[in-house]
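Counting starts at 1 for both ligands and their atoms, following the listed order. This one's a predicted model, so the numbers in the text were calculated from it and none came from an experiment.
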Amino acid sequence: MQELQEKPKYHIWTIGCQMNKAESERLGGFFERQGYQATAVADEADIIVLNSCVVRQSAENRVVNKLHALKSLKKQRPELTLAVTGCWVDSNIDQLSKGFPHVDHFFGPGERPYWLEKGDWDRVTEANAGPTAYIPIIQGCNNFCSYCIVPYRRGREKSRPVDDIMHEVRERVRLGTREVTLLGQNVDSYGHDLPDRPDLADLLAELNTIEGLARIRFLTNHPKDMSPRLITAMAELDKVCEQLSLPVQSGSNDILKAMRRGYTVEDYRRLATEIRRQVARVALSTDIIVGFPSETEQQFQETYNLLAGLRFDTVHVAAYSPRSGTIAARELEDNVPATEKKRRLNMVEQLQEGIATEINAGLLGTTVEVLVEGRKGGKWQGRTRTDKLVFFKDTNNRRGQLLPIRIEQTSPWSLQGKPEIE
Ligand code: SAM
Ligand code: SF4
């Protein structure tokens, strides 16, 4: 205990996508191996890292506000190391350093903290091997959706070799991980840049052979790159979960064209129908942007009708926000008023709340398999194979266990139940 208290402390603040969460987890593991311990209290930390996101203006504002808020702490404690990583850190670090002179280090997304000792940056340890793990398999994106800043900040697609991924997953499973989520901005274009051109279906088949691994998920899928082979792999491989994140973004062909998404609403409907036909009880989630430049009421209605018809398990909806450097910000006027964007966003959220209420109510009285991740508010929490959040009470330590849970209560956001154990 004495020894623990003497360790220097690190604090990582993370916003944005799962890729950022995975990178923060990796950073945490690295700091621990360098002799630091985690703290949830920024004021106590010797190193603070902000892992930033700029996908929307609101995320960028949060980063800037956080940095301003940390100014006085840095003034009080100049020995504190303040570092920033993530998509806010672009190639122009000199300019960032001038604007925020109280920041000691800027380092790009996925890069190591270059000022600390060299060492086993990638190693997995018990400290960062929980029941579930995010595994980045492809970095960057080769699509240039007109609204999106990701390809400019994360660069072109670069896949990790299959052996490298297999090694990491085996290591994690050895330390207790039961479920992996493979990450990429566009996971289904995995492998095209590797020597033997393996695809995601090949990788899933390899991972499916790992003893002790119980579940495999992957996100995010691009509808134009989702291959029939991948759908078959989902249907046939027992560890691949019945869950798919497939962002449609809009239900209007004109808007999809302006977004440069590379598919039509009809293509998307066909794809979703085929996935549902082959993968029994699959839970589909999607992303929507409302208020894209020039989106009319009629075009928004097309999105609304698509969502009402396809009935997704989850919908992530965002109001369009122009990102400087993107094609849309350069060429299209942000002409849907903020109040109208908000109205459309609320309409989608309300519609989805009703749909999720009904879908989840259908699980009442059924028994689902839950992988227990940890405790929250005096209850155990975990997820089903279809990614539903489940809470239950139990006096035993259930972390990391796969349990049958009988569902007794449902809401649009989560389920409550009881373990069915003799
Ligand atoms: N690669 C995924 C895809 O193809 O949809 C999504 C990645 S993107 C980083 C995550 C989500 O952020 C998108 O699905 C989109 O809904 C939202 N997003 C990206 N750029 C946006 C913008 N300029 N305004 C509003 N939302 C945006
Ligand atoms: Fe952005 Fe489109 Fe790439 Fe997704 S596929 S990260 S939305 S450019």
Side-chain angles (χ1 to χ4, degrees), residues 15-23 51-62 86-88 109-110 136-158 181-190 192 200 218-226 244-251 255-263 267-268 271-272 284-295 300 303 306-307 312 314-336 338 340-342 344-345 348-349 352:
I15 56 168
C17 63
Q18 283 85 352
M19 195 67 98
N20 269 16
K21 288 181 191 139
E23 283 164 2
N51 196 351
S52 62
C53 171
V54 289
V55 128
R56 287 178 241 155
Q57 185 63 47
S58 53
E60 185 161 352
N61 294 348
R62 283 181 66 195
C87 288
W88 191 60
I137 62 163
I138 176 167
Q139 293 282 350
C141 184
N142 287 1
N143 295 309
F144 280 85
C145 301
S146 62
Y147 53 82
C148 183
I149 194 146
V150 168
Y152 304 94
R153 294 299 168 91
R154 292 214 169 234
R156 298 297 91 79
E157 287 169 3
K158 192 165 188 313
T181 302
L182 311 178
L183 293 181
Q185 292 301 340
N186 188 4
V187 268
D188 37 18
S189 74
Y190 172 79
H192 66 85
L200 183 56
F218 50 96
L219 53 94
T220 307
N221 294 84
H222 196 300
K224 85 172 162 44
D225 293 324
M226 175 115 203
L244 195 74
S245 145
L246 195 64
V248 62
Q249 307 296 0
S250 170
I255 297 291
L256 285 177
K257 202 165 171 197
M259 287 178 163
R260 305 193 182 203
R261 289 290 288 176
Y263 54 83
D267 295 334
Y268 188 93
L271 180 60
L284 289 183
S285 73
T286 200
D287 292 12
I288 294 290
I289 297 177
V290 293
F292 189 79
S294 304
E295 183 188 61
F300 167 68
T303 299
L306 181 80
L307 297 177
F312 291 92
T314 314
V315 174
H316 304 110
V317 55
Y320 171 73
S321 145
R323 305 312 291 136
S324 133
T326 61
I327 303 163
R330 221 170 23 248
E331 296 179 2
L332 307 171
E333 192 192 341
D334 179 22
N335 55 3
V336 178
E340 182 55 23
K341 286 180 186 168
K342 185 89 187 115
R344 294 179 188 179
L345 189 134
V348 170
E349 282 182 341
Q352 187 53 32

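Considering backbone and side-chain atoms alike, Arg323 places every N or O at 3.5 Å or more from each N or O of ligand 1. Residue Gln249 has at least one nitrogen or oxygen atom sitting less than 3.5 Å from a nitrogen or oxygen atom of ligand 1, judged on distance alone. Between Asp287 and ligand 1, an N or O atom pair is found at a separation short of 3.5 Å. For Gln185, a nitrogen or oxygen atom sits less than 3.5 Å from a nitrogen or oxygen atom of ligand 1, counting backbone and side chain alike. Any N or O atom pair closer than 3.5 Å counts here, and Arg261 shares at least one such pair with ligand 1. Residue His222 has no N or O atom closer than 3.5 Å to an N or O atom of ligand 1.
Atom 8 (S) of ligand 2 has Asn143 O, 3.3 Å as its closest protein atom, hydrogens excluded (heavy atom only). Of the protein's non-hydrogen atoms, Cys145 SG, 2.3 Å is the one closest to atom 2 (Fe) of ligand 2. Protein heavy atom in closest approach to atom 1 (Fe) of ligand 2: Cys148 SG, 2.3 Å. The nearest heavy-atom contact from the protein to atom 7 (S) of ligand 2 is Tyr147 OH, 3.4 Å.
Assignment of Gln249 to the shell around ligand 2 is not supported, since no heavy atom sits closer than 4.0 Å.
Counting heavy atoms under 4.0 Å from ligand 2, residue Pro247 does not touch it at all.
Below 4.0 Å from some heavy atom of His222 lie the following atoms of ligand 2, by number and element: 5 (S). Of all atoms in ligand 1, listed by their number and element, those nearer than 4.0 Å to a heavy atom of Val150 are 9 (C).
For a distance bound of 2.8 Å, the N, O or S atoms of Cys141 include none lying that close to atom 2 (Fe) of ligand 2.
From Asp334, atom CG reaches atom OG of Ser294 across 10.0 Å, with rounding to the nearest 0.5 Å.
Ion pairing of Glu60 with Arg323 is present here, as a side-chain N (NZ or NE/NH1/NH2) and a carboxylate O approach within less than 4.0 Å.
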Check your understanding: Please walk me through it: do Phe144 and Thr326 pass side chain to side chain contact (heavy atoms under 4.5 Å, CB included)?
Key -> CA-CA 8 Å; Phe144 280 85; Thr326 61; over 6 Å; no
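Just one residue in the list Asn143, Asp188, Asn186 forms a side chain to side chain donor-acceptor pair (under 3.5 Å) with Lys224, and that residue is Asn143. Checking Thr181, Val187, Leu183 one by one against Ile137, the side chain to side chain contact (heavy atoms under 4.5 Å, CB included) holds for a single residue, Val187.
Between the side chains of Glu157 and Ser189, at least one donor N or O lies within less than 3.5 Å of an accepting N or O.
Using bins of under 30°, 30° to 60° and over 60° for the plane-to-plane angle, the ring pair Tyr263/Tyr268 lands in the tilted bin.
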